[in-house]
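Step one of this worksheet: look at the structure below.
Keep in mind that the numbers below use all heavy atoms, side chains included, and drop hydrogens, waters and symmetry copies.
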Amino acid sequence: MTSLAAEDRRLALLTGDIGNRLFDSFQHNYPDRFVNCGVAEANMVGVAAGLALAGMKPVTYTIASFATTRCLEQIRVDLCYHRVPVVIVGVGAGLAYAANGGTHHACEDIALLKALPEMTVLCPGDPWEVRQLLQAAIAQDGPVYIRLGKKGERVIHDGRPHITIGKSLIIKSGRDVCLISTGNMLSLVLETASLLEDQDISTQVVSMPTVKPLDQEFLREAFSKFSMIVTIEEHSSKGGLGGSIAEWQSEHHVFTSQLVCIGTDDVFLHEGGGHDFARDFFGLTPLKMTKTIVSKVCLRKKKRVLELIE
Amino acid sequence: MHVNMKDIATVIRREVIHMSHRARAPHLGSALSCVDILIALYCKVLRINSSTPQHPDRDRFILSKGHAASALYATLAHRGFFPVDLLKTYGQSGGCLPEHPSPNCVPGIEIGSGSLGHGLSVANGLSLAARMQHKAYRVFALLSDGECNEGSTWEGALFAAAQGLESLAVIIDYNKWQATGRSDKIMGLKPLAKKWEAFGWSVHEVNGHDPTEVADALRDVPDKTGRPVALVAHTVKGKGVSFMEDDNNWHYRVPNDEDLASAVAELVLR
């Protein structure tokens, strides 16, 4: 952000009283363009809209659940209805802040924001995707939601590819099953793929950081090539990436491949526990995802593979 | 330039009543309530030019109480932002003058509004942008007292004070009614002026039907206190038509032919 702010004098950073010390260098270098908006997300979104209407390029930053559901109407009216270039950055995708309890889980935000006209929804899967897509988002004309994990996600894209909005990236090639990952699940999806490969299921892994607009070109190709497509996300599969692809399938009458949607269930998690516990609760571990996928794989392989896994 | 603001207000009120009658559109009481405030702003306060409505240095006016759109449309038309004839299309299917303004629907509309409690935050952002861009424009936002029910209004009030947005002014059209009852009873707004003062604003109370008083209170924003300005404008809902004044039925009621004739008969230029 700090280096982007050096290039673009229109860039302004608004925070909802989080990110202690995270923005020190931005604040130090550009004190006039940094505003801590306090614990008042609705106002922060309106302020961002006003800044954008006057020609600035604001980025808002707070915890994903508060950045989205707390102020959904402001996002709809102030940002989308006015089609202003505001980037909403939500940190703590899905269950990343599991230990903080259900108030801090964000498993519905993709569904809610993708339903808003003019909104672009981005869920980067590793730090390189974050870097590339943040730049792309700031260059966009309309509102963008960027859904971040937390700190410390593993770098997947060692080759530093150029990443654009609306395009997917093939991380690993395969023939039978195509795993489409969005957001912070990417490294677990790669682990899942290697478990599937161990069971002799040739698996492709694709990172699809843009949930809206969908990469239709990729989907058309994938649905013509694989017998099974699996979407994986740390979000309810109702309305998330899985739901989006199911809608796309239905709209375009593409039923050549079986679609399996893996995500959180339609329930709140009330128990305490950290990120790993919460992922396990919803079946979002490599082993559990492998079982889910295998249980749906065509019968010929299924029996043998299930025996192996058990 | 000498302008007789009272005469202009009469013309606008007639226009607004015709618009409501023609379009069968509600919120007439709310529109009549703020006509004099709009006249003061558009005749005496705002540094704007209807031939350059997008000028980057123009003062911004935000109609946060979007349900009074008819009054703003009529004012803008009479100030030359678009042809007065266009007002006849208010509320019409496929027309560019919806009952609540949509973004950029006609020149002079700064934001789309209609959902209450949004205008102040957007005004905050516009005002903050002026500071970031070293511009001298000012921002004025017109709120209803009903809008002061919304938590986001008070978030915006706290923020503007903390940021010292001295080029920002809020005008509250304090007609003491909201959609279905007395605004002081429904949400305990009293004492409204003291609340804004306690929130760190520079507060003035005026008769919201005296355009000169309104203009005098707003002309010199920023007022050198370093604080944003809140103008609590005491008004009467339905102002200008005897049988509509302070009768909250006119929040939703639409004038029939007879009502129209009686109302217009009262609104004559002196």
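- Contact annotation for residues 159-166 of chain B against chain A (heavy-atom separation below 4.5 Å, listed by residue number): B:F159, B:Q163.
- For B:R58, the CZ atom is densely surrounded, since the number of other residues' heavy atoms within 6.0 Å is greater than 12.
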Inset, instruction - Take B:M132 and A:L51 through the test side-chain contact (heavy atoms from CB on, under 4.5 Å) and record every step on the way to the result. - result: CA-CA 9 Å; B:M132 289 179 184; A:L51 285 168; 3.9 Å; yes
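- Scanning residues 66-75 of chain A against chain B with a 4.5 Å non-hydrogen threshold yields A:E73, A:Q74, sorted by number.
- For B:R24, the CZ atom sits in a packed shell: over 12 heavy atoms of surrounding residues, nucleotides or ligands are nearer than 6.0 Å.
- Residues B:L126 and A:A54 approach most closely at CD2-CB, 4.0 Å, considering heavy atoms.
- The 12-atom threshold is not exceeded at CZ of A:R9, counting heavy atoms of other residues, nucleotides or ligands nearer than 6.0 Å.
- By number of non-hydrogen pairs under 4.5 angstrom with chain A, the leading residue of B:I62, B:L158, B:L128 is B:L128.
- Of all residues spanning residues 137-154 of chain B, those with a heavy atom less than 4.5 Å away from chain A's heavy atoms are B:Y137, B:S152, arranged by number.
- Only the side chain of A:A12 comes within contact range of chain B, with heavy atoms under 4.5 Å apart.
- The number of heavy-atom neighbours closer than 6.0 Å to CZ of A:R76, taken from other residues, nucleotides and ligands shown, is 12 or below.
- When the heavy atoms of residues 97-113 of chain B are compared with those of chain A, the residues falling under 4.5 Å are B:P101, B:S102, B:P103, B:E110, B:I111, B:G112, listed by number.
- Shown here is A:K238, whose NZ atom has no more than 12 heavy atoms of other residues, nucleotides or ligands within 6.0 Å.
- Neither the backbone nor the side chain of A:V45 comes within contact range of chain B; no heavy atom of the residue lies under 4.5 Å from a heavy atom of that chain.
- At least one side-chain heavy atom of B:Q133 sits under 4.5 Å from a side-chain heavy atom of A:M56.
- Residues A:N43 and B:S121 approach most closely at OD1-OG, 2.7 Å, considering heavy atoms.
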